[in-house]
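Following this message is one structure expressed as structure tokens.
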Number of protein chains: 2
Amino acid sequence: MDDALTFSALVLALSGRLVQEIHAQVSRQGFEDLRPAHGFAFARISFGGATTADLAEHLGVTKQAAAQLVEELVRKGYVVRRPHPRDARARLLELTDEGWAATRAADQAAREAVAPWREELGEARFQELVADLTRLAPQGPIRPAW
Amino acid sequence: MDDALTFSALVLALSGRLVQEIHAQVSRQGFEDLRPAHGFAFARISFGGATTADLAEHLGVTKQAAAQLVEELVRKGYVVRRPHPRDARARLLELTDEGWAATRAADQAAREAVAPWREELGEARFQELVADLTRLAPQGPIRPAW
DNA sequence: TCCATGTAGACAAGTTGCTTGTCCATGTAG
DNA sequence: CTACATGGACAAGCAACTTGTCTACATGGA
């Protein structure tokens, strides 16, 4: 019954730890001017074909908030704005080499953060865990803040 | 290999959805002046024996931030400050009836948010999932923001 | 082709939840 | 009882987000 409550608390606690550890490791790798929220932006931009408005929807924030975030990432050299091939109003967002480097650092940090859990559960149960969670796969915006 | 990345993304996405749905439901129940961060405070205060400093550590924020949050909850009638029996500096935090009502509403909302996932996986696998996550049980502060 | 409506993005101002800095009263260890 | 630590409050500042408004361009219908 109250497993539902336990489950909620566990998921929230795990995600908090994940974010915290990934951010700390990415900072240690030299990307000290990046915050966790930027990671969610990188994820969308690296996927390709993203405009500022797309990013806003992905992050679940207003267009203005996304525009400010993009402006910051451009200023810091992680992102460039290119003209959109079919829409003169829009600008396509792309990661720079530095942006890709930060993305790789975050991926690696995620692997390292998960590694001890993987070991704790053993490979077989970890695979089941991933499979279970995948079946609950959510769609829609990823909300980096609450 | 990259299951670690998948796992991270899934946990983050799930927790985002959870927070979002619980908050929406709690608002619909009439607690429109509460934000998700308050839930983490309620969790610690309902546990008992909490001072503002305890709360700050639990939430992973500064004492001043916790004090402001407590002040807001007191003003809105969810929390009262009582003198501490053994420390004249400190004040014990307690939930009011309204605070308990909000806590119950959040618990119920969590159950409802998890219910479809529980059904999707089936009771047996859901139990395994909870068991696995419990083994990864984190300690330390719950960080409601990043 | 022209017009009405919708959308991408920028500029500006305001809100808010958090921070740092400082202070006092009380507790605690030597 | 002296030195230092801790709980909490007051004040000011900051940073990420919001709402509101505007221009340029896109799109669909008459």
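Just so you know, these numbers use all the heavy atoms, side chains as well, and skip hydrogens, waters and symmetry mates. Protein chains get the first letters and strands the later ones, always in sequence-line order, with residue 1 at the start of each.
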Quiz item: Counting only distance, no hydrogens or angles, is the base of D:dG7 paired donor-acceptor with the side chain of B:Gln64 under 3.5 Å?
Solution: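 Such a pair does not exist between side chain and base.
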For residues 48-55 of chain B, run the donor-acceptor check on the side chains, cut-off 3.5 Å, and write out each pair with its distance to 0.1 Å, sequence neighbours left out.
residue, atom, partner, partner atom, Å
B:Thr51, OG1, B:Ala53, N, 3.4
B:Thr51, OG1, B:Asp54, N, 3.2
B:Thr51, OG1, B:Asp54, OD2, 3.2
B:Asp54, OD2, B:Thr51, N, 3.1

Self-check item: Structure string for DNA chain D in dot-bracket form, Watson-Crick and G-U at under 3.5 Å, | interchain
Solution: ||||||||||||||||||||||||||||||
Practice problem: Taking only heavy atoms on the protein side, list every residue of residues 65-76 of chain B lying under 4.0 Å from any atom of DNA chain C, sorted numerically. | Solution: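 By residue number: B:Ala65, B:Gln68.
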Quiz item: Contact class for A:Thr62 (heavy atom, under 4.0 Å): base, sugar-phosphate, or nothing?
Solution: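 Base contact.
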Exercise. Rounded to the nearest angstrom, tell me the gap between atom CG in B:Leu55 and atom C1' in D:dG7.
Key: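 Whole-Å distance recorded here is 13 Å.
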Exercise. Mind calculating the distance between CZ (B:Phe40) and P (C:dC18) to the nearest angstrom?
Key: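 After rounding, the gap between these two atoms is 12 Å.
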Quiz item: What's the CZ-P distance between A:Arg82 and C:dG9, to the nearest Å?
Solution: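 So the two atoms are 15 Å apart, to the nearest Å.
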Self-check item: Rounded distance (Å) that lies between atom P of C:dG9 and atom NE2 of A:His84
Solution: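 So the two atoms are 8 Å apart, to the nearest Å.
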Exercise. Evaluate side chain to side chain contact (heavy atoms under 4.5 Å, CB included) for A:Gln25 paired with A:Gln108, printing each intermediate quantity in order.
Key: CA-CA 9 Å; A:Gln25 181 63 18; A:Gln108 181 60 25; over 6 Å; no
Using a cut-off of under 3.5 Å, enumerate the N/O to N/O pairs linking the protein to nucleotides 27-30 of chain C.
residue, atom, partner, partner atom, Å
C:dG27, OP1, B:Ala88, N, 2.9

Please tabulate, for side-chain N and O atoms in residues 66-74 of chain B, each donor-acceptor pair with protein atoms closer than 3.5 Å (sequence neighbours left out).
residue, atom, partner, partner atom, Å
B:Glu71, OE1, B:Arg81, NH2, 2.8
B:Glu72, OE1, B:His38, NE2, 3.4
B:Glu72, OE2, B:Lys76, NZ, 2.7

Practice problem: Could you note down all residue pairs passing side chain to side chain donor-acceptor pair (under 3.5 Å) where residues 97-107 of chain A supplies at least one of them, sequence neighbours left out? | Solution: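 Side chain to side chain donor-acceptor pair (under 3.5 Å) check on residues 97-107 of chain A returns no pairs.
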Exercise. Provide the full list of ring pair (Phe, Tyr, Trp, His ring centres under 6.0 Å) pairs with a residue in residues 78-98 of chain A, sequence neighbours left out, each pair given once.
Key: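 Only A:Phe42-A:Tyr78 qualify under ring pair (Phe, Tyr, Trp, His ring centres under 6.0 Å).
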Quiz item: Among all residues two or more places apart in sequence or in another chain, which pass the side-chain hydrogen bond (donor to acceptor under 3.5 Å, both in side chains) test with B:Glu94?
Solution: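 Residues passing side-chain hydrogen bond (donor to acceptor under 3.5 Å, both in side chains) with B:Glu94: B:Arg82.
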Quiz item: Who passes side-chain hydrogen bond (donor to acceptor under 3.5 Å, both in side chains) against A:Glu120, sequence neighbours left out?
Solution: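 By the side-chain hydrogen bond (donor to acceptor under 3.5 Å, both in side chains) rule, A:Glu120 matches B:Arg135.
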Practice problem: Please collect all ring pair (Phe, Tyr, Trp, His ring centres under 6.0 Å) contacts where either partner lies in residues 12-37 of chain B, sequence neighbours excluded, each pair once. | Solution: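 Pairs touching residues 12-37 of chain B that pass the test: none.
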Quiz item: Taking only residues two or more places apart in sequence, or in another chain, which ones meet A:Glu21 in a side chain to side chain contact (heavy atoms under 4.5 Å, CB included)?
Solution: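 A:Glu21: side chain to side chain contact (heavy atoms under 4.5 Å, CB included) contacts with A:Arg17, A:Ala113.
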Practice problem: Report the residue from B:Val11, B:Asp132, B:Leu136 that forms a side-chain contact (heavy atoms from CB on, under 4.5 Å) with A:Trp117. | Solution: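 So, applying the side-chain contact (heavy atoms from CB on, under 4.5 Å) to A:Trp117 and each of B:Val11, B:Asp132, B:Leu136, only B:Leu136 qualifies.
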Exercise. Would you please name every residue forming a salt bridge (charged side-chain N to carboxylate O under 4.0 Å, His left out) with A:Asp87, sequence neighbours left out?
Key: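 By the salt bridge (charged side-chain N to carboxylate O under 4.0 Å, His left out) rule, A:Asp87 matches A:Arg89.
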Quiz item: Between atom CZ in A:Arg91 and atom P in D:dA24, what is the gap in whole Å?
Solution: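 Distance, rounded to whole Å: 15 Å.
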Quiz item: Taking NZ from B:Lys63 and C1' from C:dG17, how many angstroms apart are they, rounded to a whole number?
Solution: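 Rounded to whole Å, this separation is 19 Å.
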